[in-house]
Every structure is written in structure tokens, then in C-alpha cells.
Amino acid sequence: MLKQLPHRMKMNMTLSIKKVFERYMASIGWDETKYNATTLMEQWRHYLYNEATWFAELDDTIKTNPQFHEQLAARINEIIDQLVNEPPTDEQIAEINRLVERLGIDDFPYGCKLEAKYHIERLQHELKKKKS
């Protein structure tokens, strides 16, 4: 059923999944011990019904089809798996090392590109606060 959707809609769906996952993980500070799949799915539903224009464009027969939701759940899992397994770039690693050194803090673990992005933004914000 997902395969029959227009390419643009599938791309927007993928971007939505990434956006919601990134927001959720930032809200818990990328602390895996705080991860709660139920909370993530609640945030997904809220996004789907209130922000996702692609979902609003779907026909109601598709929206109510259990097969669609099964395939969407599988796609969510697939995208999240890709996100958490995409290694940080060399540039991200260098930037984190630079920020850690400038802030005089201990190095910390980060496992994927998206988590590295979160920490870079967080550390840059800390550095700005420290300068002011």
C-alpha cells in the first residue's frame, strides 16, 4: 500500500519520521534510559494529525486501512534503524572534539550522526552562554 503512494508523499513521510524521532530524542537528551516507545508513538500521532500535510492529503480509506498502518509502522522502524546506525561524519567528530576542548568538559559517547548533531547544537549553545 505504501509503495502505491506518490514519490513526493513517500519522501515527506520519511522526513516526518526523521523529524519526530529527532525531536523526541532531543526532548530526552538522547538518554537511552529515558526512551519510551509509547511516548514516541504519541508524539508521532500528534504530528501525523496536526502537522503532517502529506497525511491530510491521504484518502480516508487509506487512513483507516489496517494494512496501511502496519506498513507505516514497519517504515517507521526501518527509518529509525537507519538513523541510529548512521555513523557520525568526520566533520561532526572533529567539531565535537573542538567544542569539548573549548568548554573544558569530559568527552562523552555518541553513537550516530543524528545524536552527534544534537550534541553539536547543545555544545554550541553552551559555548555561547559561556561567552556572554
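One is the number of the first residue; the rest follow in order along the sequence.
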- [ ] Would you check if W54 and P6 make a side-chain contact, meaning some heavy-atom pair closer than 4.5 Å?
- [x] no

Task: Minimum side-chain heavy-atom gap L40-W44 below 4.5 Å - done: no

Open item on the list: Keeping E95 on the side-chain end and E91 on the backbone end, is there a donor-acceptor pair under 3.5 Å?
Closed with: no

Task: Minimum-distance pair of heavy atoms, taken over all atoms of F68 and L2 - done: CE1-CD2, 3.4 Å

Task: H46 atom NE2, over 12 foreign heavy atoms within 6.0 Å - done: no

TODO: Check whether any side-chain heavy atom of E78 sits under 4.5 Å from a side-chain heavy atom of I17, and report yes or no.
DONE: no

Open item on the list: Measuring from atom CG of L5 to atom CD of E57, what distance do you get when rounded to the nearest 0.5 angstrom?
Closed with: 11.0 Å

Task: Which atom of K113 lies closest to which atom of T89, heavy atoms considered - done: CE-CG2, 3.9 Å

Open item on the list: Could you check whether any side-chain N or O of N65 sits under 3.5 Å from a backbone N or O of T61, counting only pairs where one atom can act as donor and the other as acceptor?
Closed with: no

Open item on the list: Please find the pair of heavy atoms, one from F21 and one from L114, that lie closest to each other, and give the distance.
Closed with: CD2-CD2, 4.0 Å

- [ ] Consider only side-chain heavy atoms of I, L, V, M, F, W and Y, link residues closer than 4.5 Å, and tell whether M9 and Y49 are in one cluster.
- [x] yes

TODO: Could you tell me if the ring centre of Y24 sits under 6.0 Å from that of Y35?
DONE: yes

Task: E126 bridged to R122 by N-O distance under 4.0 Å - done: yes

- [ ] Could you go through the ring pair (Phe, Tyr, Trp, His ring centres under 6.0 Å) check for Y118 and Y110 one step at a time?
- [x] CA-CA 10 Å; Y118 164 78; Y110 49 93; over 10 Å; no

TODO: Mind checking the CG-CD1 spacing from L72 to I79? Nearest 0.5 Å is all I need.
DONE: 10.5 Å

Open item on the list: What's the separation between atom CD1 in I120 and atom CD1 in I96, rounded to the nearest 0.5 Å?
Closed with: 4.5 Å

TODO: Taking K34 for its side chain and G29 for its backbone only, find out whether a donor-acceptor pair lies under 3.5 Å.
DONE: no

Open item on the list: Before you tell me yes or no, could you show the steps for Q92 and K117 under side-chain contact (heavy atoms from CB on, under 4.5 Å), namely the whole-Å CA-CA distance, both residues' side-chain angles and the distance that decides it to 0.1 Å?
Closed with: CA-CA 7 Å; Q92 286 179 310; K117 177 185 174 209; 3.8 Å; yes

- [ ] Could you pull out the closest heavy-atom pair between K63 and L58, with the gap in Å?
- [x] CE-O, 3.3 Å

Task: Carboxylate-amine/guanidinium contact E51 R23, below 4.0 Å - done: yes

Task: Approximate separation, where rounding is to 0.5 Å, of K129 NZ and L127 CG - done: 11.5 Å

Open item on the list: Nearest 0.5 Å, please: how far is CZ in R75 from CD1 in I80?
Closed with: 11.5 Å

TODO: Just do the side-chain contact (heavy atoms from CB on, under 4.5 Å) check on K18 and T14 with the steps written out, would you?
DONE: CA-CA 6 Å; K18 180 181 176 186; T14 298; 5.8 Å; no

Open item on the list: How long is the straight-line distance from CD of Q82 back to CG of N77, given to the nearest 0.5 Å?
Closed with: 11.5 Å

Open item on the list: Any salt bridge linking K19 with E22? Criterion: basic side-chain nitrogen under 4.0 Å from a carboxylate oxygen.
Closed with: no

Task: Nearest non-hydrogen partners of P88 and G111, listed with the distance - done: CD-O, 3.9 Å

Task: For Q43 against S27, the heavy-atom pair lying closest together - done: NE2-OG, 4.4 Å

Do any side-chain atoms of residues 99-108 form donor-acceptor pairs under 3.5 angstrom with protein atoms, and if so which ones, sequence neighbours left out?
none

- [ ] Look at the side-chain heavy atoms of Ile, Leu, Val, Met, Phe, Trp and Tyr, link any pair under 4.5 Å apart, and say whether L123 and W30 land in one connected group.
- [x] no

- [ ] Treat each ILVMFWY residue as a node, draw an edge where side-chain heavy atoms are under 4.5 Å apart, and state whether M11 and F55 are in one component.
- [x] no

